[in-house]
Structure formats: C-alpha cells, structure tokens
Q: 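Would you mind keeping the following structure in view while I ask a few things?
Small disclaimer: the values here were computed from a predicted structure and weren't measured. Hydrogens, waters and symmetry mates are skipped; everything else that's a heavy atom, side chains included, is used. Throughout, a chain's letter reflects where its sequence line sits, starting with A, and its residues are numbered from 1.
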Amino acid sequence: MHLVLVDGSSFIFRAYHALPPLTRKSDGLPVGAVSGFCNMLYKLTEDLKGEDEPTHFAVIFDYSGSSFRNELYDQYKAHRPEAPEDLVPQFPLTRSATRAFNLPSIEQEGFEADDIIATYACRMRDAGGKVTIVSSDKDLMQLVDDKVSMLDTIARPGQPPLRWIGPDEVVAKFGVTPDKVVEVQALCGDPVDNVPGIPGIGIKTAALLINEYGDLETLLARASEIKQNKRRESIIENAELARISRKLVQLDCNTPVELDLDALVRQPLEAKLLIPFLKAMEFTSITRRIAGLLEVDPDDFEADAELAAKGASIPGAIDVSEGPAPASGLSGPDAHAEAVLEKIRAIPCKHDDYEIVRDAAALAVWIEDIVATGHVAIDTETTGLDNQAADLVGICLATRPGKACYIPLGHTTGNDDMFGGGKAEGQMDMRQALDMLRPVLQDPAILKIGQNVKYDMGILARYAITMAPIDDTLLMSYALDGARNNGMDALADKYLSHTCIKFTDLAGTGKNQLTFDKIEIEAAARYAAEDADVTLRLWTILKPRLVAAGVTTVYETLDRPLTPVLARMEARGVSVDRQILSRLSGEFAQRAAALEATAYELAGEKFNLGSPKQLGDILFGKMGLEGGTKTKTGAWATGASVLDDLALQGVPLAKTLLDWRGVSKLKSTYTDALPGYINARTGRVHTSYNQASVATGRLSSNEPNLQNIPIRTEDGRKIRTAFVAAPGNVLISADYSQIELRVLAHIADIDALKDAFEEGQDIHAMTASEMFNVPIEGMDPMVRRRAKAINFGIIYGISAFGLANQLGISRGEAGDYIKTYFARFPGIQDYMAEQRRIVKAQGYVSTIFGRKIPFDNVNTKNPSERAFIERASINAPIQGSAADIIRRAMIRMERVLSDENVPADMLLQVHDELIFESPADKADQAIPLIKRVMEGAAEPALRLSVPLQVDAKAAQNWEEAH
DNA sequence: TGGTTCACG
DNA sequence: GACGTACGTGAACCAG
C-alpha cells in the first residue's frame, strides 16, 4: 500500500505565485492558480507512475479560520497577509479541480491541513503501508521516517524537478533526526508561522542544544548548566514560550477525520468528470493533453455549465490558453509561466529583419498594421538627451515581437565639411512622415508604448504631435520594483535575457561621440528598431504583472496619468533673468576673492579652499587643532558642522571657510550654471523630471535641478528673484503646510496631532506644550525649536544620536526627549514598530494609496544596515504618501483650471509646492482653484482624517511669491 | 569614478 | 555588545 497526501494549499499558492495572472478568455475570471494546480496534479500522477504506484491518494486543504493553536497562542500565524484579491475566487475552483481528477478533496473546520496529513500518515504507517507527503513545508518533516517520505515538486534552477526528502535530508535541514525536529523548532521558533521560540536562538544553536540534552524538557531542567550567560538567561526566562512553541509545532496524529483510509483508495481518472471541468476553465492545452491520455475526443464532452458561468474580469491579463504545451522536465506552473515568456523570447531579435522605411508606401503599410493591432511601441532617435533642444533623427515602431521598423528622417552625410553635411540619401521627407503618423499617434483608440515615453512625447510635441494614450514600461517596472535599475538594457536582461546593442558601440564615447544623425542609417536601424522591439516585448510581460503584484491602481492612477502632465511642464520651462544672475555672480565672485585672501592669511599659506583634504591638513595638521574626526575613508572631516564647532571655539579660519563655501556654492551651482540652461529656442529653462528614480514616489529634477534652488539664507534667496514671470504675468507659488506631519497624524492615527491640525494650531508649539508641560502662550522659542526638531526626527525614524546632533545636546538628553514624546504620543511608537515589522515580513512598506516601497536585504544581520532599513521604512510611507497626494493634485489640476477657464500654467513641482504662471489679472481666480485642488487631492480615493492646508501667493518672481 | 560637501523638501 | 546613524534627492568639485 502506498498513500500519497498532497498539501493542496501549498500547491495553490505556489501555482499562483509562479504564474502570470492568467484569466479565462471568455470573461476574465482569474484562473492562473487553478491552471497551475491542474498541471501540477497531472504532472505528479505522471511522475509517480511505475513501480510502487500509489494505491491511495488524497489532496488536503486548509480550512480557513482558526484552529486549536490560536487558542494556545493568539499570535499564531497572526501576521499572515490576506490572500490576494484575484486568488480568493480560485480557492473553491481548486477543490472542484481535485474532484474532477477523481480524488478526495479533504478539509475540516477547525483543523489545519498539516494535522490531517499527520493523522492519515500515521494511520497508513500503522497499517504497514508507505506514505508520500507532497509538500516542501518544513513543519511536516517531523513525520518523516523509513516509511514516510516527503516529495518536493518545485523546480528550482539547477536542481532536479523532484526532490525526495527522507531522514537524511531532514538531518541536513534541522541538524537532528526527524523525531527531534519538534524539539528544535520549539527552541528556534518559526517566523513564517509566528511561532516565537526562544529569542536569540536560531536553528544551529537549537540543534546543538537538543543533540546535547536530548529534548526540550531535559534542556529546561538543566538550563542552569549552560555556560553562555546570555543564552542561559534567555532560555530560563523564556521557558514557557518554548513549551508553547513546542505545542504549536507538534502535529496531531489523532485528528477526528471524517473519512477513513479506505475512502482514500485511488480511483482512475474519468473523462466525464475531468474534461467538462477543464473545458469550463477553458484550459485548451491541458484538455487536449488529458483527452489524448484518456484516448477520448474532447469534442464529445460539454463544458461544466455551472463552472462556465460568469466570473470577474481583470483587464490586461494575457491569455496563453492557446499557447504551446509546457516544455517537459518542468513542473506545471513553471512550465506555464515559461510558456508566456518563451512565446516572446522564442521570436528572435533578428536585427536584419527590421525594416528600414524609406518611402510613403512602406510607411502606409506600417500605419495600416498599427491600426489593425491597436497598439504600437515607439521610440524616437534624436541628436541629444535634452528633448527641448535635440532634433528628431528617426522614429522606430514595433507592432509585435520581432516586427519592428526604423524610419530615418534626419540623418546627415559625413561630418567632415563645416556645414555638418547634407541630408543623407534614402530618407523620407520628415514633414510628410510626421503628417502620416500624426493621426495614429493621436488616435485615442491606439495605445502608444514607450520606455520613458515622456522623452518621446516632448520631442514629438515640438513637431505638433500630441501623443496619447500612452503606456510606459519604465513606469511599470517602477510600480513593480521601485527605484531599481529600470533602464531598458537592465529590463531586457532581466525579463528577456537579451543584451541590447549599446549606444556607445554605435556612437563611441567621450568628446568624439557621434550624434545620432551622423550614424550610418543601416547601423542606426539595427540599434533603434531593437529598442522598439524590446519595449514591446517588455510591455507584454510587465502589463499582466501589474495585476499579479497588486500595483495596477498605483500605475494607472499615480504614474501613467502624470507623464503627459510632466511633459507639458517640461515643455513650458520657466523664465530666468540672465542679468540678475550675472550681477549676483559678480557680487559672489568679489566676496569669494576677499574671503580667499583672508583664508590664506589666516592659514599662513596658499591652498585650494575647495579641497577638503588640503583644508583638513591645515586645520588638524599644521594648526594642530584638537577634536578633529575622520570620515569613513580616513580623511579629516571638514563638513559644515565641524567648521561650525571650530568657529564657535574661536577659530577664525573656520568661519572664513564657511562663508567662502556659502558664496562659492551659490556661484558655481546656481548663478554661473543656470544661464547655461537657458534654451536658445525658447529663452526659458527646461528642467527634466525623473518620474521613476525616487524610492518613495517623489519626483526628482535634473539638468538643471530646480528642486534645490536656495531659500534658507539671505544670499540664497536672491537667486530666487531671478526666476521671473513672463511680461504681463505673475508666478503663483502654492505649497502644502506641514504635509508630512499631517500624513503622519493620519497614518498613525494620533488624536492629539489631528485635533491640533483641525484647530489650526501651531503644531510644534502644541508638541512642546504637551511634552514639557508649558503653556503655548509666551512659549520660550528654544522649547518650541526642540519640539520642532523632534517632530522632524519622528518623520525620519528618530534616533537619539540624530536628535542630539541636530539640537547640539547630549545623547542622553535626546533619549529622554524621545521617551517623553513616546509616552505622550504612544500611537507613534506603535506606528514605527508596525513599519519595522512589515518591512521584515514582506520586504516592502506601502503608502496610503498602495504604492509599494521595496527594500533589499531586509533580513540583514548587519546592525547598522538593519537600523538604516528600519528608519527608511518608517519614513517611506510618510514621504511617499505626501508624494502621492501632490501627484494626484497635479494630475487633476490642468483639467480643473481649463474647465473654469482660468489660464494658469503649472511650471514646477518642488515636493510640497507647485509653481504656476498666469496672466497678472487672473491670479485672483487661479489661487482659490489651485488651493481647492491641492487640499482635496486625496479625495475621493481616501478621506484623510486631517485637513490639508495650502498657502498660495502671486508675485513677479519666485522669491516674493513663496 | 568615488568621496565629500551642500543646495532643497 | 557591536554597529554607526536622522529620511529623500542632484550637482560641483577634488583626487586618484
């Protein structure tokens, strides 16, 4: 006799996670997990054929709800996340699948699958038979002996698809024989099931102890003999926890099962049960395969009518039911997932098959294809990286994997004559080509797919093409994986195992790098068309993944619709007054020169003031000053805080250096550099926003960075006066007041903070008043300052060290402040603990709108890295939720302004601030609208439990408007 | 190219 | 008891 017990629940979850979100073609019902489940079950029966074929067979499921273990320990499996939305409807379907395979589907209220498995395994063993448990769950390893083995069917790269687990494998895993596994687990616990164990004891130590003492009770009785202080105390202190843990992991062989062993006798597959089920699920390839196996014609069977009834639709999922049969050697779900990828990978990137479109007739064929397909991947090639300055050189298109073309439009001949050469042969007239493409690119029924499509939108907008609607593989990857390397080359490698032609292979590097128009058309075509081809392939893979990962809403509401908004902001640019900057440069140059002379005199020698190394040598070497600290590379630290200290101690050189750094920073980074960014065509400065580079969901700005224009010092603010409105217009600056603290009050649900915001109180004064028991009226500004630093610290994941540094107090004192704060606002501490737990459990934290912020290495043993991840995961939901809110405001803003006929243009975003330009006489109308949109930006998706407040003002320049 | 510093939220 | 710290960016400059 041979009994096979399948751990059904683990089959389902594995199938679900290994597969893209397949849906039933007719109505979109999610069936990916069901499909994988069927494949795995079928594959298993095939694998077990031969001698010793199973005589008894059952699939065991967990019954949702609690078991006796929850009464023992209320935290048992308490942190398990809810099953994904699109998996829930598949649970009952897998039960149906099991019955369709003519196998008993067993589950029982109040009992876990593991106990039922244990019970049947014991009974069969006692009856003298053999048992195979199909699962990789280590909790079942305690059952293994010479009669009972486990079978892990998951295919891992480089390992055989089947892995038998016998006593030897258990010893390898736990360091003890199977009968001692529960003793080890009692000590080391199990984070997956939230079994506590003894803190500080892992699997290695546990095995060591059990091998020495035999079992848990003996160990506890003789715990005082343990030499290691910490270990001994932890064991003595947590003895009860270990006893509970042992009860939690010990499987129960006496579950009152409803069916006895005889009921598990294996029944043959029956076509009349199985085929109607598979047909109802619309699994065509499995149906075909099984019909072949059973030697029946699937057309003789009707789909199960009840199961064929309508299900939920998930848009965007791709259908592979007509795909090729899974490659042999892989288990079900892997094979199926591979099938999708293979369909795409198998079509080669044959560079010589890409078409070069040189005339209208050829282009017309492509346009027809695009219209028929309904979508097209597009990539523009230009003379540079700045899409407000570069010129169009060519366009590539792809309509399906492997089918791509390049339309050369602006290639020039040679670069040896001083006029840059004439137009190269064999190209369409640019204007004619764009006129032909415009209707397609603007057609609301045709989706345009790009990688960083904002760039291409910016280019095409200058040729009077407003590209819409769009999808962006860069943003999809960002929604899925966060601010990782989301560049096309990396994505091609990751998802397609494909290495793209590098731009530098084509154009060279350094100052001799060719611009794209100088590259020979045939070579350009191979490179460019590949980009469109790869983009299209990535899209087919990434789009369904959004659903599976639960980030569709984030992508669709926060990422995708922002792109056209940003493209327009970038195109508008902002007016910058050259004269003002030039005057300031002169002023700063003079002051820097004077400070430089003073510094040489004080130092007694000339040196490079900009070199931290030389400065460190002078201060701490030559001048022999005490109290210098080293940076991690061993160099003297000469940062502002160090120089501040020295200045306070009466070192005049330190003060001089600080002043010099101040003016030279302003000069080099701003007043000297900004004029170089004024676009010759528009006369304005066009920053570029990176929408997918910040981990938390913020934007970043570059070339130039207009999100770090000075404001904190008087000199710095002068630079803002150079950002001006066009003649007849004004700039309007609208910024959220304390948005991150408000978000914190909402997320952490802190009544005192929420009330204070509701009543419009000074939040830092309120905090100070609560903490230090002083009235808000007539408060000492220093007291308020401390509270303010703490409020900021909280947002950053406070540490005593950081707060002490910020306030210039001792670490002990800072620690006391934090204690007081936590005592006064206990909800904050709960919030922080929760984020720390979440990041460890799932590898990411989330904003209130569902954006996921992933972290690498969440289980690192490095204490500082760990602390860093904890602080960042406390900060990320706060910073990220605020970022989501302003994104929503930006997405909605243009529509509201145009509906109300208010001509105000959004120009810039600085994290919690939006800058607009409007005719001077329209500002009074614009301001209340802008405030309304920004203050209501969370709704209707979310009703914040604190009000948002926006302050807005209009003026001639940014300094006055802010 | 990596390290340091400093501008912003 | 170590570990080295406030969160998130981009740009300029130095030094190798």
Q: Tell which nucleotide pairs with C:dA2, taking only Watson-Crick or G-U wobble pairs whose two distances are both under 3.5 angstrom.
A: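 No nucleotide pairs with C:dA2.
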Q: Using a heavy-atom cut-off of under 4.0 Å over every strand shown, decide if A:I711 touches base, sugar-phosphate, or nothing.
A: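 It contacts sugar-phosphate atoms only.
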Q: If you look at every strand shown and take non-hydrogen atoms under 4.0 Å, does A:A695 touch a base, only sugar-phosphate, or nothing?
A: sugar-phosphate
Q: Taking B:dT4 as the reference, what is the distance to C:dG4 when you measure between their P atoms (whole Å, please)?
A: 14 Å
Q: Please state whether the phosphate of C:dT9, meaning OP1 or OP2, lies under 4.0 angstrom from any side-chain nitrogen or oxygen of A:Q879.
A: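 No.
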Q: For A:N862, report the nucleic acid contact type (base, sugar-phosphate, nothing); a contact means any heavy atom under 4.0 Å.
A: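 The answer is nothing, as A:N862 stays clear of every strand by at least 4.0 Å.
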Q: Base, sugar-phosphate or nothing for A:G610? Non-hydrogen atoms, less than 4.0 Å.
A: sugar-phosphate
Q: Does a distance-only test, which skips hydrogens and angles, find a donor-acceptor pair under 3.5 Å between the side chain of A:S700 and the base of C:dT9?
A: no
Q: Just to confirm, is there a sub-4.0 Å distance from OP1 or OP2 of C:dC7 to any side-chain nitrogen or oxygen of A:R871?
A: yes
Q: Does A:N702 have a side-chain nitrogen or oxygen under 4.0 Å from the phosphate oxygens OP1 or OP2 of C:dT9?
A: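 It does not, given that no N or O in the side chain of A:N702 lies less than 4.0 Å from OP1 or OP2 of C:dT9.
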Q: For A:R572, is there an ion pair with A:E917 - N to carboxylate O distance below 4.0 angstrom?
A: no
Q: Looking at the side chain of A:S668, which of C:dC13, C:dA15, C:dG8 is the nearest nucleotide?
A: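 Among C:dC13, C:dA15, C:dG8, the one nearest the side chain of A:S668 is C:dC13.
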Q: Using the side-chain contact (heavy atoms from CB on, under 4.5 Å) criterion, which residues pair with A:T205? Sequence neighbours excluded.
A: A:I201, A:L209, A:R231
Q: Mind checking A:A637 for me? I need base, sugar-phosphate or nothing, with any heavy atom below 4.0 Å counting as a touch.
A: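 Since only primed, P, OP1 and OP2 atoms lie under 4.0 Å of A:A637, the category is sugar-phosphate.
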Q: In whole Å, what separates the P atom of C:dA2 from that of B:dC6?
A: 31 Å
Q: Could you check which of C:dG10, C:dG8, C:dA6 has an atom nearest any side-chain atom of A:N705?
A: C:dG10
Q: Which part of the nucleic acid, if any, lies within reach of A:F801 when heavy atoms closer than 4.0 Å are counted: base, sugar-phosphate only, or nothing?
A: base
Q: I'd like to know if A:D659 pairs up with A:R591 as an ion pair, taking the criterion as any Lys NZ or Arg NE/NH1/NH2 lying under 4.0 Å from an Asp or Glu carboxylate oxygen.
A: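 No, this pair does not count.
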Q: Taking A:D884 as the fixed residue, which of A:L558, A:V554, A:T696 is the one that meets the side chain to side chain contact (heavy atoms under 4.5 Å, CB included) rule?
A: A:L558
Q: Give one of base, sugar-phosphate or nothing for A:I878, where a contact means two heavy atoms less than 4.0 Å apart.
A: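 No contact.
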Q: A:N690 has an atom CG; how far is it from atom P of C:dG8, in whole Å?
A: 16 Å
Q: Scan A:A640 against the nucleic acid and name what it touches under 4.0 Å (heavy atoms): base, sugar-phosphate only, or nothing.
A: sugar-phosphate
Q: If you measure from the Lys or Arg side-chain nitrogens to the Asp or Glu carboxylate oxygens, is any gap between A:K454 and A:E570 under 4.0 Å?
A: yes
Q: The side chain of A:E703 lies closest to which of these nucleotides: C:dG10, C:dA11, C:dA15?
A: C:dA11
Q: Tell me, please, the opening and closing nucleotides of DNA chain B, 5' to 3', among those with an atom under 4.0 angstrom from a non-hydrogen atom of chain A.
A: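 First and last nucleotides in contact are B:dG3 to B:dG9.
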Q: Remember a base hit wins even if backbone is also touched, and classify A:F792 as base, sugar-phosphate or nothing at under 4.0 Å, heavy atoms.
A: nothing
Q: If you check every side-chain atom of A:Y796, which of C:dG1, C:dA6, C:dG4 has the closest atom?
A: C:dA6
Q: Quick one: which of C:dA12, C:dA6, C:dC14 gets closest to the side chain of A:T669?
A: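 That would be C:dA12.
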Q: Can you tell me if A:E959 uses its side chain to pair, donor with acceptor, with the backbone of A:I719 under 3.5 Å?
A: no
Q: Could you measure between the two P atoms, the one in C:dT5 and the one in B:dG3, and give it in whole Å?
A: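 That atom pair is separated by 13 Å.
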Q: So what does A:R661 hit on the nucleic acid, given a heavy-atom distance under 4.0 Å: a base, only sugar-phosphate, or nothing?
A: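 Sugar-phosphate contact only.
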Q: Counting any heavy atom closer than 4.0 Å, what does A:I795 reach on the DNA or RNA strands: base, sugar-phosphate only, or nothing?
A: nothing
Q: Classify A:Q614 by what it touches in the nucleic acid, base, sugar-phosphate, or nothing, heavy-atom distance under 4.0 Å.
A: sugar-phosphate
Q: Apply side-chain contact (heavy atoms from CB on, under 4.5 Å) to A:F503 and A:D489, showing your working.
A: CA-CA 10 Å; A:F503 180 72; A:D489 292 353; over 6 Å; no
Q: Apply ring pair (Phe, Tyr, Trp, His ring centres under 6.0 Å) to A:Y817 and A:Y821, showing your working.
A: CA-CA 6 Å; A:Y817 286 170; A:Y821 185 95; over 10 Å; no
Q: At 4.0 Å (heavy atoms only), tell me whether A:S799 reaches a base, stays on the sugar-phosphate, or touches nothing.
A: base
Q: Across all strands, who's sitting opposite B:dT4 as a Watson-Crick or G-U wobble pair, both distances under 3.5 Å?
A: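 C:dA12 - that is the nucleotide pairing with B:dT4, both distances being under 3.5 Å.
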Q: Does a side-chain N-to-carboxylate-O contact under 4.0 Å join A:E740 and A:R698?
A: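 Yes.
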Q: Counting the atoms with a prime plus P, OP1 and OP2 as sugar-phosphate, which does A:S693 contact under 4.0 Å by heavy atoms, base, sugar-phosphate, or nothing?
A: sugar-phosphate
